[in-house]
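Numbers here are sequence positions counted from 1.
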Amino acid sequence: MSARGVARLAAAVVASGLVAAAVLTGAGRAAADDGTGQSQSGATATIGALKTYGEAVVHGTDGDERVSAGLFEMSVDGGGTLQTYCVDLHNPTQRDAKYHETPWSGTSLGANTNAGRIRWILQNSYPQVNDLAALARKAGAGTLSEQDAAAGTQVAIWRYSDGAHVDAVDPQAEKLADYLEKNARGQSEPEASLTLDPPAVSGRPGALLGPVTVHTNARTVTVVPPADAALTGVRITDKSGRPVTTAGNGAELYFQVPDDATDASAELTVQASTTVPVGRAFTSESRSQTQILAGSSESTVAATANATWAEQGAIPALSAEKNCAAGGVDITAANTGDQPFTFELMDTEHTIPANTSRTVTIPLQEDQVYDFTITGAGGLERRFTGVFDCKTQAAESGLAAQTLSEPSPASVGGTASDVNLAATGGDSATGVITGVAIGLVVIGGAVLVILRRRENPTD
């Protein structure tokens, strides 16, 4: 592994840690929200091993590096299995990292004009096309094993996702890669498996708060009411106030809040079993390399939305979303109250007038860890956390590919169970970084990051 490659890995973990406290002002009270502030949407899964793969060679400024290329397998929370390819060649894959379904706009694909070609490759190659004899004939590849097909597909994807100069080692896999690259055509981003829009609403007690619209490719979704619904009296209904327990695509859901409800908040969840559309992106907040979906079994998907209500004053509905094109995180605040809603982030004060919704983009640097906590009167607290990961390493200057001698778990400053570099390869002359010490101290909202690095050459 190159020293510069490990420096980026370390930066991915702590990179300019950021804690932002925002104080909201207004006459209204709001109850505490103990969620993370980031609404779940779609499938959540844990990445496993590189299951079906071959070898490739990445040609870089530091020479040629052998890498493993192929399909990963993920286990979906609640049941199901996903198959994915990597769209982030030079980053490592961390063993057992948790991934969640993500719009392209929240990844490097959002600014990649070739993202649609990658989706074409996924739909026209292995494993979506499992007739390998027919695929080999189209590619002029003679015969293709599953390993050859996976390697050739991954190589073609890397050429578009990372702009990499990469070739498959096996001649048949290389012919498939060339065929896929040459014939790929742009396609649109697939819809999410399940999402709720908007993810946050607000209003007065005694009213129907919403609508929250269901978007899904599942036939029906199960609507799970707030956990404390029996105590608060909050119900999930349709526009007419009738209770809703199941819904379909396009259905509009409402929070029905009793007239005498004290200022508070609640969350609803919808769940379904469906296949996740090919081409959906998956990201990890631990900075494990970005993946793109190649195949899905029937899998459990879920989405959440929250509601906030108050008798008077400002009533904010807060949500956040990564915006790679804008270079930051979009914080959306919808104020349905009768007084302005004012908050401060990054030393800048923002005011949302009554009955107005605005989006504020918080600028971030690549690989920056962010942790925004917005607090207000009555114990309101919404926290937005993550890692701003919007570029592939090929888009950055002076960084070489990370390498490993075999496609099995290996470690960087830890044990074999800590970091899995299965998607990359190398030779025995590669230098190994033996220690990365990271100190992160938060004092009064300030963050101190201490990074020490040393490299010891090994055989």
Side-chain angles (χ1 to χ4, degrees), residues 35-36 38-49 51-52 71-85 96-104 106-107 119 122-123 126-130 187-200 210-227 229 235-238 242-255 266-285 288 290-306 321:
T36 63
Q38 314 237 134
S39 299
Q40 179 180 337
S41 182
T44 300
T46 301
I47 198 164
K51 287 292 187 180
T52 307
L71 276 170
F72 283 93
E73 187 171 285
M74 292 190 187
S75 298
V76 179
D77 292 2
T81 301
L82 307 178
Q83 292 175 297
T84 62
Y85 287 107
D96 297 327
K98 184 73 72 174
Y99 279 77
H100 55 269
E101 190 177 338
T102 305
W104 285 2
T107 73
R119 189 185 180 200
L122 293 167
Q123 292 177 319
Y126 181 77
Q128 287 300 303
V129 177
N130 55 21
Q187 296 192 355
S188 60
E189 177 180 1
E191 297 291 335
S193 61
L194 176 59
T195 189
L196 293 175
D197 181 39
V212 175
T213 304
V214 177
H215 298 285
T216 184
N217 66 346
R219 290 184 179 180
T220 60
V221 300
T222 300
V223 180
V224 182
R235 299 191 304 165
I236 306 303
T237 72
D238 60 16
R242 292 187 294 266
V244 175
T245 57
T246 61
N249 183 48
E252 293 184 340
L253 306 178
Y254 293 81
F255 291 81
E267 182 178 83
L268 75 85
T269 302
V270 294
Q271 297 176 335
S273 181
T274 187
T275 56
V276 183
V278 170
R280 291 296 290 172
F282 280 79
T283 60
S284 170
E285 298 303 343
S288 189
T290 303
Q291 303 282 314
I292 192 165
L293 189 72
S296 169
S297 71
E298 192 80 4
S299 298
T300 300
V301 296
T304 60
N306 69 79
E321 187 174 31

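- Side-chain polar atoms of T46 and D96 form no donor-acceptor pair below 3.5 angstrom.
- A294 meets the side-chain contact (heavy atoms from CB on, under 4.5 Å) test with L71, Y85, L122, P127; sequence neighbours excluded.
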Throw together a table of side-chain donor-acceptor distances under 3.5 angstrom for residues 247-254, partners on residues two or more places apart or in other chains.
from: N249; atom 1: OD1; to: T216; atom 2: N; distance (Å): 3.0

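- Among N306, V221, L268, the one residue that satisfies the side-chain contact (heavy atoms from CB on, under 4.5 Å) test with L196 is L268.
- A heavy-atom distance below 4.5 Å is found between the side chains of E101 and F282.
- Take K98 and apply the salt bridge (charged side-chain N to carboxylate O under 4.0 Å, His left out) test, not counting sequence neighbours, and it matches D77.
- Ion pairing of E189 with R280 is present here, as a side-chain N (NZ or NE/NH1/NH2) and a carboxylate O approach within less than 4.0 Å.
- In this structure R119 satisfies the salt bridge (charged side-chain N to carboxylate O under 4.0 Å, His left out) test with no other residue, sequence neighbours excluded.
- Nearest heavy atoms, V278 versus Q128: CG2-NE2, 3.4 Å.
- Remark: E191 CD is loosely packed, at most 12 non-hydrogen atoms of other residues, nucleotides or ligands lying under 6.0 Å away.
- Under the side-chain contact (heavy atoms from CB on, under 4.5 Å) criterion, T195 pairs with S41, A192, H215, sequence neighbours left out.
- In terms of the side-chain contact (heavy atoms from CB on, under 4.5 Å) criterion, residue partners of P198 (sequence neighbours excluded) are, by chain and number, V201.
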